[in-house]
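Note on naming: letters A, B, ... go to the chains in the order of the sequence lines (proteins, then strands), and numbering restarts at 1 for each one.
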Number of protein chains: 4
Amino acid sequence: MKEMKKNRPKYMQIIDAAVVIIAENGYHQAQISKIAKQAGVADGTIYLYFKNKEDILISLFQEKMGYFVGSVEEKIAGKQTATEKLYMLVETHFKILSDDRHLAIVTQLELRQSNKDLRHKINEVLKGYLMLIDKIILEGIENGEFSSSLDLRLARQMIFGTVDETATSWVMNEQKYNLADLAKAVHQLLISGCGYQDNKPVL
Amino acid sequence: MKEMKKNRPKYMQIIDAAVVIIAENGYHQAQISKIAKQAGVADGTIYLYFKNKEDILISLFQEKMGYFVGSVEEKIAGKQTATEKLYMLVETHFKILSDDRHLAIVTQLELRQSNKDLRHKINEVLKGYLMLIDKIILEGIENGEFSSSLDLRLARQMIFGTVDETATSWVMNEQKYNLADLAKAVHQLLISGCGYQDNKPVL
Amino acid sequence: MKEMKKNRPKYMQIIDAAVVIIAENGYHQAQISKIAKQAGVADGTIYLYFKNKEDILISLFQEKMGYFVGSVEEKIAGKQTATEKLYMLVETHFKILSDDRHLAIVTQLELRQSNKDLRHKINEVLKGYLMLIDKIILEGIENGEFSSSLDLRLARQMIFGTVDETATSWVMNEQKYNLADLAKAVHQLLISGCGYQDNKPVL
Amino acid sequence: MKEMKKNRPKYMQIIDAAVVIIAENGYHQAQISKIAKQAGVADGTIYLYFKNKEDILISLFQEKMGYFVGSVEEKIAGKQTATEKLYMLVETHFKILSDDRHLAIVTQLELRQSNKDLRHKINEVLKGYLMLIDKIILEGIENGEFSSSLDLRLARQMIFGTVDETATSWVMNEQKYNLADLAKAVHQLLISGCGYQDNKPVL
DNA sequence: CATGAATGAGAATTCATTCAT
DNA sequence: TATGAATGAATTCTCATTCAT
């Protein structure tokens with residue numbers, strides 16, 4: 001039944017309105033009435049598509065994170081090496097945020113203000129993305145691109161932590177510079193670290 | 001005037017009460033009345049030491065982050081190489097959080113629920129810590145330990161992002177494993193990255 | 001026009017659905033959408049048969065109270081004395097409620113939660129029943145069965161108040177005992193009161 | 001702790017304000033803000049004395065019903081016979097309602113619109129009053145004033161049902177006549193019933 | 001006749017902050 | 001200094017009713 005609701009045009013209309021309103025007003029100033037107005041529907045209509053306010057936020061995150069995972073998977077598909085795949089992940093991640101500045105503000109800053117419950121639910125959704133990272137790491141280890149002594153969890157946390165922190169800093173600096181341009185250098189860092197190793201570019 | 005207040009015993013008493021209350025109840029359930037009760041003072045008394053609720057949280061972060069920076073600086077002092085210094089930073093960071101589980105919950109989870117304004121102020125406080133990281137990176141580049149092509153900002157974001165994400169995951173996993181034990185592997189990752197480079201342990 | 005509507009099958013279908021829904025969910029949880037679902041029609045269809053929600057409840061009460069009055073009149077018809085007629089009234093009243101536990105809950109508990117306006121309208125409908133009681137009392141006074149000093153209104157209020165309170169208590173006690181069995185004793189009380197008067201059973 | 005609150009003047013101030021507001025606006029139009037304004041306090045102050053809106057209503061009923069029971073007990077104290085005691089109960093009941101027309105509206109009409117939960121709680125409070133009735137009935141049976149074949153529950157339901165219905169009718173007729181004047185006749189009815197029994201006044 | 005998606009008004013409650021004592 | 005009773009602003013969600021199909 002909910003699947004049906006998701007396919008009705010107002011479902012995405014409301015989610016997109018929520019992204020705009022939260023980005024422009026902040027999480028705590030994003031009242032349902034504002035979102036409804038932005039979406040061009042009545043307040044009550046929101047509740048035909050979402051159980052409550054929290055449900056809007058989780059759905060928002062699900063939809064957008066689904067797009068993240070889908071986009072990355074698509075970009076990765078044609079690549080042969082884990083190194084190249086990791087690059088596509090970083091690039092795609094930065095690209096999507098660059099292309100939708102509202103979304104960037106919402107995912108990097110505003111949604112983190114949600115309470116613990118919501119954050120745990122968001123983390124569940126995030127798992128799909130983290131598993132994508134894991135797959136790349138394991139592939140890299142298997143084919144000898146990556147160090148065989150890598151701790152999967154720590155490597156994943158470095159990759160996600162670095163990408164996320166880079167994106168957050170960019171948003172907090174009001175997106176003044178070009179995030180997408182950083183993909184190459186970030187990727188290089190993730191592959192080779194800070195240390196001097198006769199570093200040749202990896203790509 | 002504030003300096004004077006800081007020296008009065010109730011100042012730290014209230015901050016410590018805030019850490020406990022926020023850790024145990026969550027950011028949004030940490031009412032002034034609860035903090036006052038925990039601190040053993042009346043609600044109104046809090047306002048003799050802090051301008052408002054936000055001021056408690058910033059002060060809390062300042063005090064604790066000051067301790068972070070101080071501790072790391074102390075540990076670093078005796079080390080010769082940037083590599084060693086980076087290790088001490090990671091180790092100390094993890095150690096402090098391991099030793100004060102309430103503080104870990106507050107800084108890694110709860111305080112991030114604050115609004116954008118407060119987060120910007122917290123970021124100001126964080127700068128002292130980030131500058132410490134910068135100093136290590138620059139030293140590493142200068143003496144040839146680190147790659148000369150490092151982008152200072154990105155390297156800092158990788159280091160902080162990785163350490164922070166590792167700590168946050170640990171807290172979200174209810175601190176089930178030993179965070180301090182991860183310092184070595186995390187440090188290795190930061191120095192050498194994921195890539196295969198005939199990886200020898202760096203320490 | 002309304003008469004025509006009453007004859008269409010969906011009219012009673014909706015009223016019966018309302019009885020079930022109100023009995024099972026309570027007055028305030030008996031939404032139009034639930035009643036419509038139970039009746040097997042669309043929400044909007046309800047408004048083809050009833051002006052508004054209040055109109056459903058009044059109509060419900062009218063239909064059921066009409067059945068009450070009709071049943072009592074029928075039972076009374078063959079009886080000679082006012083005493084016997086009063087007995088038939090009490091017995092029939094209890095019998096109808098015993099036979100339809102949903103109806104009992106609705107009339108004794110749920111419908112009383114309606115607002116003052118609706119209650120006044122319900123009282124109008126109730127008048128038909130109260131007039132039946134009046135007729136019995138007057139007949140009793142005329143033929144010497146009842147005290148000639150009876151105040152008609154007070155006697156009516158005692159009879160209705162007693163029967164109603166007995167029924168309500170029975171419903172609030174979850175209909176655990178047999179209401180119909182109480183008819184004789186209640187009737188005796190109404191005729192002879194509490195006082196000791198060499199009480200012989202009146203029937 | 002709550003006992004302390006009850007003794008602070010604002011406790012009764014709020015309850016009395018609630019009686020006025022509910023009587024004048026009806027149960028569903030008695031918003032907290034109206035009650036607060038009438039009581040001369042801020043909305044939030046209400047919640048220092050009452051857990052929630054329902055708690056105001058239960059407390060209101062408790063306080064007033066306590067006054068009912070207390071008044072009746074006091075009046076009964078000096079009387080010798082159950083017949084006289086029953087008279088005092090009816091008279092006091094009618095007198096209290098006559099003297100406080102707002103209270104009459106609230107208890108006879110408005111409070112009955114409350115939901116089932118609240119009604120069950122109100123019924124608990126009512127038990128004190130019903131036990132008073134029971135005591136009178138039992139005493140009357142023991143000393144031979146009342147019929148030894150009385151069913152306690154039914155007799156109680158007749159007495160309460162009659163008094164309550166009489167009061168409710170009076171309120172629904174907008175208190176146009178004098179309720180207190182009816183005490184004697186109602187009492188006579190309760191003692192002797194409708195039947196002709198060479199009825200001499202019982203008092 | 002029948003549908004059911006859309007509407008939009010309306011109110012209880014919390015909690016940071018104040019200020020008289 | 002310290003207290004804690006009082007303040008009052010601010011927002012989600014429900015559901016009777018409508019009307020285009």
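For A:K37 and E:dT7, the NZ to P distance is 14 Å, given to the nearest whole Å. As a whole-Å value, the separation of A:I21 CD1 from F:dT11 P is 14 Å. Spacing between atom NZ of B:K34 and atom P of E:dA16 amounts to 10 Å, rounded to whole angstrom units. Spacing between atom CD1 of A:I56 and atom C1' of F:dC13 amounts to 11 Å, rounded to whole angstrom units. Atom CG in B:N25 sits about 11 Å away from atom P in E:dC15, given to the nearest Å. As a whole-Å value, the separation of D:Q31 CD from E:dA9 P is 16 Å. Per the geometry, OH belonging to B:Y27 stands 13 Å off P belonging to E:dC15, to the nearest Å. In this structure, B:I14 places its CD1 atom 9 Å from P of F:dA2, rounding to the nearest Å.
In terms of the salt bridge (Lys or Arg N to Asp or Glu O under 4.0 Å) criterion, C:E24 has no residue partners (sequence neighbours excluded). Under the side chain to side chain contact (heavy atoms under 4.5 Å, CB included) criterion, A:V125 pairs with A:F61, A:Q62, A:M65, not counting sequence neighbours. Taking the salt bridge (Lys or Arg N to Asp or Glu O under 4.0 Å) definition, one finds that B:R119 meets it with nothing, sequence neighbours left out. Evaluation of the ring pair (Phe, Tyr, Trp, His ring centres under 6.0 Å) rule for D:H120 yields no partner, not counting sequence neighbours. In terms of the salt bridge (Lys or Arg N to Asp or Glu O under 4.0 Å) criterion, A:K51 has no residue partners (sequence neighbours excluded). Applying the salt bridge (Lys or Arg N to Asp or Glu O under 4.0 Å) test to A:D43 and every residue at least two apart in sequence or in another chain returns nothing. Remark: A:K121 pairs with A:E54 by the side-chain hydrogen bond (donor to acceptor under 3.5 Å, both in side chains) rule, at least two apart or across chains.
Residues C:A30 and A:H28 both approach DNA chain F. Their nearest nucleotides, taken by heavy-atom distance, put A:H28 toward the 5′ side. Between C:Q29 and A:I32, the residue whose closest nucleotide on DNA chain F is further toward the 5' end is A:I32. Each of D:K51 and B:E54 was matched to the nucleotide of DNA chain E holding its nearest heavy atom; the match closer to the 5' end belongs to D:K51.
Not a single donor-acceptor pair under 3.5 Å links the side chain of B:E110 to the backbone N or O of B:A23. Checked by atom type and distance alone, the side chain of C:R112 never pairs as donor or acceptor with a backbone atom of D:Q113 at under 3.5 Å.
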Could you write out each protein N or O paired with an N or O of nucleotides 6-8 of chain F at a distance under 3.5 Å?
| unit_1 | atom_1 | unit_2 | atom_2 | d |
| --- | --- | --- | --- | --- |
| F:dA6 | OP1 | D:K10 | NZ | 2.9 |
| F:dA6 | OP2 | D:Y49 | OH | 2.8 |
| F:dT7 | OP2 | D:A42 | N | 3.0 |
| F:dT7 | OP2 | D:T45 | OG1 | 2.1 |
| F:dG8 | N7 | D:G44 | N | 3.2 |

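Distance from the side chain of C:N52 is smallest to F:dT17 among F:dT17, E:dT13, F:dA16. Proximity note for D:Y47 (side chain, C-beta onward) versus F:dA16, F:dT12, E:dT13: the nearest is E:dT13.
Paired runs in DNA chain E that reach 3 or more consecutive Watson-Crick or G-U pairs, where each pair keeps both distances under 3.5 Å, cover E:2-21 with F:2-21.
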